[in-house]
There are 2 protein chains.
Amino acid sequence: MSDERPEPGTVRPGGRTAKTREAVLRAAGDALAEDGFDRLDLAEIARRAGVGKTTVYRRWGTVPGLVADLLNEMAADSLPRTETGSLLGDLTAQARLVQSTLSDPRQGPLFKALITAASCDPQTADALHRFYDTRTEEWAPCVTAAIERGEIPAGTSPTELIRAVSAPLYYRLLITGDPIDGAAADRAAQAAVTAAKAGAFA
Amino acid sequence: MSDERPEPGTVRPGGRTAKTREAVLRAAGDALAEDGFDRLDLAEIARRAGVGKTTVYRRWGTVPGLVADLLNEMAADSLPRTETGSLLGDLTAQARLVQSTLSDPRQGPLFKALITAASCDPQTADALHRFYDTRTEEWAPCVTAAIERGEIPAGTSPTELIRAVSAPLYYRLLITGDPIDGAAADRAAQAAVTAAKAGAFA
DNA sequence: CTCATAACGGGACTCCAGTTGCATTAAAGG
DNA sequence: CCTTTAATGCAACTGGAGTCCCGTTATGAG
């Protein structure tokens with residue numbers, strides 16, 4: 001082992017260190033959204049953040065390491081979940097939320113870059129998995145509530161159903177490049193709910 | 001303009017040039033599958049292919065350019081399509097094919113790397129879109145046949161339905177990292193067919 | 001307040017991915 | 001077979017991403 005980084009900033013996380021981390025992560029997010037994962041220059045990020053490039057290299061080391069930290073930061077702040085009273089209403093709200101995020105001119109490229117970074121580095125991949133596990137768990141109550149209401153079979157897997165809603169939208173983002181519009185979101189939610197009612201996720 | 005590459009190999013595509021292209025593309029595929037997109041070294045690919053690194057830089061220029069050419073090559077050879085007589089049978093076969101490809105120790109990492117490369121470069125993204133358009137069109141007859149048999153509504157979009165089968169599997173590959181097993185494939189096909197019969201893709 | 005030291009900043013340095021120049025090989029056309 | 005020149009190979013070169021050294025700043029503990 002011994003390729004352990006002492007994880008600087010953990011011993012003295014006060015004022016200056018926190019400000020540096022915040023500034024660098026914000027700059028990293030901007031740069032990822034604008035330029036994409038592969039064109040990322042840590043020196044450029046340092047410049048944007050008003051920080052010495054040595055600091056960035058010392059604390060995060062590599063681009064994937066920095067992205068992983070950004071993902072951990074993003075996993076911290078959670079999103080509000082809608083409760084409409086019907087499974088279709090809830091999952092349509094979820095699909096619309098994903099749709100507006102992925103089609104946003106800043107967030108869309110950012111998420112694409114995050115996923116790209118994760119596919120290049122195991123540490124970043126772990127961070128990405130945790131991020132989406134968190135997001136998935138936030139929406140799981142919609143599914144369990146629908147089960148209690150008797151809308152869908154008892155054995156339905158919340159995880160599988162929630163992901164079935166997102167999957168077609170991410171497929172467009174990453175693979176086909178088709179526009180991610182409201183119609184696509186509604187279709188994704190409708191298809192997932194229909195399949196769930198027929199017991200496809202049980 | 002003027003950053004146009006004269007596309008070497010188009011004027012004299014005979015013996016040596018063809019052999020070089022073949023060897024380099026094979027080496028590139030191997031390297032992508034083993035090391036991933038970001039750790040790709042064109043000099044290493046040249047060495048594997050038994051070719052001077054100058055040749056690789058001159059003909060393809062950048063890593064994304066090389067990947068784009070590889071994708072164009074891959075789009076050329078098509079896969080056999082199964083015809084089982086029922087929509088569920090056909091789409092299950094499709095899902096199983098995708099599943100076995102993505103869970104293959106060589107093909108899985110390769111496809112992940114190809115998608116990663118596409119998200120970093122517009123030219124490669126175009127090549128990827130063409131590749132999947134080709135694949136989608138190959139399976140479209142299954143859907144139109146199902147429409148003629150009256151299994152699903154007349155207005156059903158073949159493209160949307162075909163993609164709905166693949167999407168959950170790619171979501172696992174790229175985002176959650178969960179294993180892509182036969183159960184996931186069958187579930188994807190079952191869910192897509194159920195939703196299609198209810199008119200979710202019409 | 002004072003001290004020890006974690007964290008930062010600037011700049012010099014290293015190393016290798018990518019470029020360039022030129023000689024060599026071999027397609028394509030006659 | 002001979003000629004032309006596209007395509008390749010080798011080796012020297014270059015630029016910038018990433019590293020290292022050391023002086024400076026400011027955090028947290030006593």
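Every heavy atom of this structure was used, including side-chain atoms; hydrogens, water molecules and symmetry mates were not. Each chain gets a letter, A, B and so on, in the order its sequence line appears, and its residues count up from 1.
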Between [atom2] of [N] and [atom1] of [X], the distance in whole Å:
{"X": "A:R59", "N": "C:dA6", "atom1": "CZ", "atom2": "C1'", "result": "11 Å"}
{"X": "B:I45", "N": "C:dG18", "atom1": "CD1", "atom2": "P", "result": "10 Å"}
{"X": "A:W60", "N": "D:dT19", "atom1": "CH2", "atom2": "P", "result": "15 Å"}
{"X": "A:E44", "N": "D:dG16", "atom1": "CD", "atom2": "C1'", "result": "14 Å"}
{"X": "B:F37", "N": "C:dA17", "atom1": "CZ", "atom2": "P", "result": "15 Å"}
{"X": "B:R39", "N": "D:dA17", "atom1": "CZ", "atom2": "P", "result": "20 Å"}
{"X": "B:K19", "N": "C:dA26", "atom1": "NZ", "atom2": "P", "result": "13 Å"}
{"X": "A:R47", "N": "C:dC8", "atom1": "CZ", "atom2": "P", "result": "19 Å"}

* A:D69 and A:R21 ion-paired at < 4.0 Å -> yes
* Electrostatic pair B:D90-B:R81, nearest N-O below 4.0 angstrom -> no
* Structure fact -> Closest non-hydrogen atoms of B:R39 and A:C120, given as atom of the first, atom of the second and distance, are NH2-O, 3.9 Å
* Structure fact -> All heavy atoms of B:R48 vs all of B:A27, minimum pair found to be CB-CB, 3.8 Å
* Ignoring the backbone of A:T54, work out which of C:dA17, C:dG21, C:dG11 is nearest its side chain. => C:dG11
* Asked: From C:dA26, C:dC8, C:dG9, pick the nucleotide closest to the side chain of B:R16?
  -> C:dA26
* Pair of N/O donor and acceptor under 3.5 Å linking D:dG9 base with B:K53 side chain -> no
Does the side chain of [X] get closer than 4.0 angstrom to OP1 or OP2 of [N] through an N or O atom?
{"X": "A:R58", "N": "C:dG9", "value": "no"}
{"X": "A:Y57", "N": "D:dG18", "value": "yes"}
{"X": "A:T20", "N": "C:dC8", "value": "yes"}
{"X": "A:T55", "N": "C:dA7", "value": "no"}

* End-to-end bend of the helix from C:dC1-D:dG30 to C:dG30-D:dC1 (five-pair axes, 10° rounding)? -> 50°
* Structure fact -> Contacts of A:R26 meeting salt bridge (charged side-chain N to carboxylate O under 4.0 Å, His left out) (sequence neighbours excluded), chain-then-number -> none
* **Check: B:T116/A:S119 side-chain N/O donor and acceptor closer than 3.5 Å** => yes
* Heavy-atom donor-acceptor pair, A:R172 side chain to A:P179 backbone, under 3.5 Å -> yes
* Nearest nucleotide by nearest heavy atom, which residue falls closer to the 5' end of DNA chain D, B:R21 or A:T17? -> B:R21
